[in-house]
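Contents: one structure, followed by commentary.
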2 protein chains.
Amino acid sequence: MKLIHHSQVNLKNGFFFDKQELNRTATIKAVYDRFSETGRIGAFKFGFPEKDPIQPHYFWDSDVAKWMEGAAYILHHNSDPDLEAKVDEIIDDIARNQCEDGYFNIFFTVVQPENRWANRDWHELYCAGHLMEAAVAYAEATGKTKFLACMEKYADYIAKVFMEEHSASFHTPGHEEIELALVKMYRHTGKRKYLDMAAHFINTRGTVDEFNKTAYNQAHLPVREQDSAVGHAVRAVYLYTGMAYLAKETGDETLTAACKKLWDDITNRKMYITGGLGSTYIGEAFTTPFDLPPDQAYTETCAGIGLCFFGNGMLALDHNAIYADVIERALYNGVLSGLSTDGAQFFYENPLEINLSERFTNAWGARRFPAHRRVACFSCSCCPPNVNRLLASLGGYVYGLDGDTLYINQFASSDMTDGDVTAAIETAYPNEGKVTVSVAGVSKLAIRIPAWCESYTLNKAHTLQNGYAIVDNDGTPVVLEMDLTPRRVWADSRVLRAAGQAAIMKGPIVYCAEGVDNGESDLHNYILPASFTAVEASNATYGLPTLTVPCVKRVSDGSSLYRNQPPKTVEAELKLIPYNAFANRAETDMRVWFWAE
Amino acid sequence: MKLIHHSQVNLKNGFFFDKQELNRTATIKAVYDRFSETGRIGAFKFGFPEKDPIQPHYFWDSDVAKWMEGAAYILHHNSDPDLEAKVDEIIDDIARNQCEDGYFNIFFTVVQPENRWANRDWHELYCAGHLMEAAVAYAEATGKTKFLACMEKYADYIAKVFMEEHSASFHTPGHEEIELALVKMYRHTGKRKYLDMAAHFINTRGTVDEFNKTAYNQAHLPVREQDSAVGHAVRAVYLYTGMAYLAKETGDETLTAACKKLWDDITNRKMYITGGLGSTYIGEAFTTPFDLPPDQAYTETCAGIGLCFFGNGMLALDHNAIYADVIERALYNGVLSGLSTDGAQFFYENPLEINLSERFTNAWGARRFPAHRRVACFSCSCCPPNVNRLLASLGGYVYGLDGDTLYINQFASSDMTDGDVTAAIETAYPNEGKVTVSVAGVSKLAIRIPAWCESYTLNKAHTLQNGYAIVDNDGTPVVLEMDLTPRRVWADSRVLRAAGQAAIMKGPIVYCAEGVDNGESDLHNYILPASFTAVEASNATYGLPTLTVPCVKRVSDGSSLYRNQPPKTVEAELKLIPYNAFANRAETDMRVWFWAE
């Protein structure tokens, strides 16, 4: 299907809209301010006295580029002269400081010019890719092409170095990103050479002997032979997204087949219930199938975002709701958990369990667990501006068009226009299960029935196909009503670290409990009943209800550490909040998986 | 009570006897051979050309000293001229190479003589303590006093340095051990000065400002103010043992009170079901109460052995079966697991859970888990000779005498003589629950009723007191019959990592399941039924039966990673082996805690 570009979609109200507004009014500014304070913005001036305590880092360019891309998406929908001026100033800096030959990288121009293209893992092509994505976004948003011209010049220079001269010390990027960016350059400019470059980097990967030709960066095998998601999770999903984009443009079925295998491996074996990816901090990486420890989860915010990119890329290739289901899982849970409710603090890692009692530190150190509080900026601050650009482009996940069928992939109050086709969605989802879709200009509507949804009604005759309910468009609204009663959800029995336990979900929302509501060092003692009626209470801060579930809880009688009888239980209430809102109030325990009767 | 010294007790047959024989015939030789190959034995010759690839390490003395102590205990019961000659040769080396002033330490004489007493953490007093224990043991066993004379000379020199001159760079040992050794020196020689030295080191600890005055080495507070077991677990239990020994000799009630608090903290909050101590490899240390992760357990073999020492020290102070219960738990489980069934391979750490699937290694490394196979020698090889000396002195854990009451603390076929008092135990424990005790020369018998034992019969009228059944001795055998039906055992609900789960025990024996018997990556799916009849099968290698428990098991239908229904279950059989025998067959998964209906 053709995904309807975010620029053609206006979110109107509801959960997605509120998050997009939070990004526009708070997050985009907060990230800019932190990037200014830390020298990232100023770095584009290229003025670094040797003794300046602030020196650019070799992937700062990408941090700012992602912020610029996010700003561009915002500017597409909302005039903001101040924001636009900030972007323009950076663009002016880029244009002024770009090398004569087209090269642009702050660190490898100002600090270590002798090391240009010297090390595959120094992120030059990664930074280039992010700058290209931002340039395309800014051209689309504002019509101004100065930035894009710079990046076209840079891309042409990269083509010369990597496709003609082969003069760099490596052949493909260590951290993938430029592949998908080049497809975006091609789509925007129509210039085939950018698609060819994307194909060059993707097709060369894993076929040549070069530094760090490892599974860590998905360079262990030619991409079409890869069927297991391995290595650094963000790198992986960026590569797979580039592969999906390329397959869409070229119709390359071998590449599509590889993408489908990798998607299957991730989503059926290596994905947390929150849509988080990456089970170990060591290499920020995928591990083995079903190894999904909740307390040790790495689940980088960027990896969840990358999964959404990959999912949309697959949706464009293959008309199947499985992709939109996973995007929904990631968006509402493991991606949004990366952002505080005030829009200004971030998680890099998004654990699914926090046990403060295990974070014991002695004279020799502490066991390694993910951070349990969000911070305003990281030294490696890739995630915050990734949140900026994702939230500002959320509209791009809602609609798709294929021939005379309009697809509804996500449920968000919005309207869209694409030529003669217009559509509108009205819904309070995911707080309420009713979704009303009005559409004109197509003969059919395909509305996703989420895989989690086992009970729904639709006001029209329909057939089910690949997870979508297909309805003939008779010009009157289509009304889908999904049952959002909070339910227990289990993992496959092969997931060691979820064994015997269940999570609570309401629709697509994963819930968690915090110690601050339920007692510290005690969350593991709550046992979910086989059937229950959760009491929902609306919560303006979260934009989603909190839940109270009647259950029982193990209690200690303090008699002895080991005994022949099980612990006694008492009646209790488990208070749950949306997982995406955890750690907004206090340093506290948190848990997603609970023992279940 | 007065504990009956191992030299007065002959183990006759059964589980303890078999392990003692394994030690005598295999383990003592295996450790000697490894220590020879690695240069530890030869180091006592003091001949190290600078370029010799083998150079002594600063605590090698203690490794060999513990082996000598074990050899001495063996020689007490069995003539073995070859073994005795080996010990004598080392003793000759010690006598020949001891410094004129009495100092003896290979490393700080041969390699770094300039660093004598320079660093509290370099284990000189620890090595001295082990040499003293060995010297006492050898004098007791053989009547030869050459070694003891050397160590008396060394002790006198240490007294001069630490109690008169205060000329060392520190005041108390970094790694405790010499305290308990000095009490043994006092008990054997009757020389008060050694008890005073023990008191000096114990009373000074935590009261002076010195290097590394930390909880890591129990130096954060004066010992009488310590009520929480902290820091390096082996150091801790060695200190506490020394404190208990000193309290026994001096009647110091404040010290006894501290020992009781520390015992309570360990055994009711910080001890694994196997008697293992130390929840983190970081600092090989205790952590917080109820933090007992089975897969991350450090549970050093030496810590379990030290717990037995501390337990016996407490038993001598306080007539309570709680100490013997814990000794039993440690001896049969987390201590013996440190030794392979062939008697020649060792665990340093004794995990309670192995999940091979989590031991994923990528280009950047692997999560840290304990070793899952035993090895013949460690670079820090403290545990193997500790096993030597413990097994060779097992008889010392069986009997105690207080006035006209003979105490039976452990159940092992044996006889004992102490003056006019004689006793004999006949039992096939822990394979069978019947224990027959014959005693003469006392008017009462106190026989421990283990806390785990909720059903037993005794053939005489008795009263229960502090966990012992007190019986009038009428000259006829006392027969205790304990119900050893395999049962489920739970941890206190505060133990996060055992929540919802139970272990299987038969009497004092903790059982485990291995992947090799039950399928890899699947042990977490077995669910123990509320009631069951375990099928027992005798196993000559283990000296204990294996068990088969009918249960159900979760199975994957492979449908999707997350679903609204719990995994299906099927009928299954869980095959269990004694925990102390795990990892003797293959590289395989292992689990102690199972979900329980």
Side-chain angles (χ1 to χ4, degrees), chain A residues 212 214-216 230-231 267-269 271 273 279-280 282-283 285 287-291 293 296 355 357-358 360 362-367 451-452 454 487-496 499-503 521 524-525 527 554-556 558-567 595-596, chain B residues 212 214-216 230-231 267-269 271 273 279-280 282-283 285 287-291 293 296 355 357-358 360 362-367 451-452 454 487-496 499-503 521 524-525 527 554-556 558-567 595-596:
Chain A
N212 212 358
T214 63
Y216 167 69
V230 295
T267 61
N268 286 315
R269 284 178 279 284
M271 177 182 72
I273 191 172
S279 300
T280 180
I282 297 166
T287 62
T288 51
F290 309 105
D291 176 34
Q296 301 273 345
N355 302 295
S357 66
E358 292 190 333
F360 171 84
N362 65 30
W364 288 47
R367 291 183 207 127
W452 57 258
E454 294 179 347
R487 67 194 190 280
R488 302 193 298 177
V489 177
W490 280 262
D492 185 289
S493 65
R494 289 169 287 187
V495 180
L496 167 63
Q501 297 172 82
S521 300
H524 63 279
N525 281 321
I527 301 169
R554 294 180 208 102
V555 289
S556 170
S559 63
S560 64
L561 187 46
Y562 302 104
R563 68 285 295 268
N564 296 343
Q565 289 75 34
W595 274 264
Chain B
N212 212 358
T214 62
Y216 167 68
V230 295
T267 60
N268 286 315
R269 285 178 279 283
M271 178 182 71
I273 191 172
S279 301
T280 180
I282 297 166
T287 62
T288 51
F290 309 105
D291 176 34
Q296 301 273 344
N355 302 295
S357 67
E358 291 190 332
F360 171 84
N362 65 29
W364 289 46
R367 290 183 208 127
W452 57 258
E454 294 179 347
R487 67 194 189 282
R488 301 192 298 178
V489 177
W490 279 263
D492 185 288
S493 66
R494 288 168 288 187
V495 180
L496 166 64
Q501 297 172 82
S521 300
H524 63 279
N525 280 323
I527 301 169
R554 293 180 208 102
V555 289
S556 171
S559 64
S560 65
L561 187 48
Y562 303 104
R563 69 284 296 269
N564 296 343
Q565 288 77 32
W595 274 264

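Labels below follow one simple rule: chain letters A, B, ... track the order of the sequence lines, proteins then strands, and each chain is numbered from 1. Hydrogens, waters and symmetry mates are skipped; everything else that's a heavy atom, side chains included, is used.
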Practice task
Find the distance between CZ (A/F290) and OG (B/S556) and round it off to the nearest 0.5 Å.
Solution key: 6.0 Å
Problem - Any side-chain heavy-atom pair of A/D291 and B/R367 under 4.5 Å - result: yes
Fill in the blank from the handout: Here the pair of heavy atoms bringing A/R554 nearest to B/S493 is CB-CB, 3.9 Å
Problem - Interchain contact, A/R487 with chain B, by part (heavy-atom threshold 4.5 Å) - result: side chain
Problem - Heavy-atom contact with chain B under 4.5 Å, split by part of A/N355 - result: side chain
Handout entry: Derivation of the side chain to side chain contact (heavy atoms under 4.5 Å, CB included) call for B/L561 and A/V495
Key = CA-CA 9 Å; B/L561 187 48; A/V495 180; 3.9 Å; yes
Handout entry: Region of A/P289 that comes under 4.5 Å of a non-hydrogen atom in chain B
Key = neither
Practice task
Taking B/Y562 for its side chain and A/M271 for its backbone only, find out whether a donor-acceptor pair lies under 3.5 Å.
Solution key: yes
Practice task
Let me know if A/T267 has heavy atoms under 4.5 Å from chain B in its side chain, its backbone, both or neither.
Solution key: backbone
Practice task
Would you check if the side chain of B/N362 reaches a backbone N or O of A/I282 as a donor-acceptor pair within less than 3.5 Å?
Solution key: yes
Practice task
Flag the pair A/W595 / B/W595 as yes when at least one side-chain heavy-atom distance between them is below 4.5 Å, and no otherwise.
Solution key: yes
Exercise for the section: May I ask you to check whether B/Y216 and A/W364 place their ring centers less than 6.0 Å from one another? Expected result: yes
Problem - Beyond-backbone contact of B/E358 with A/T288, side-chain heavy atoms, under 4.5 angstrom - result: no
Problem - A/A491 versus chain B, the contacting section by heavy-atom distance below 4.5 Å - result: both
Problem - Contact class of A/A215 relative to chain B, heavy atoms under 4.5 angstrom - result: neither
Handout entry: Portion of A/A366 that has a non-hydrogen atom of chain B nearer than 4.5 angstrom
Key = backbone
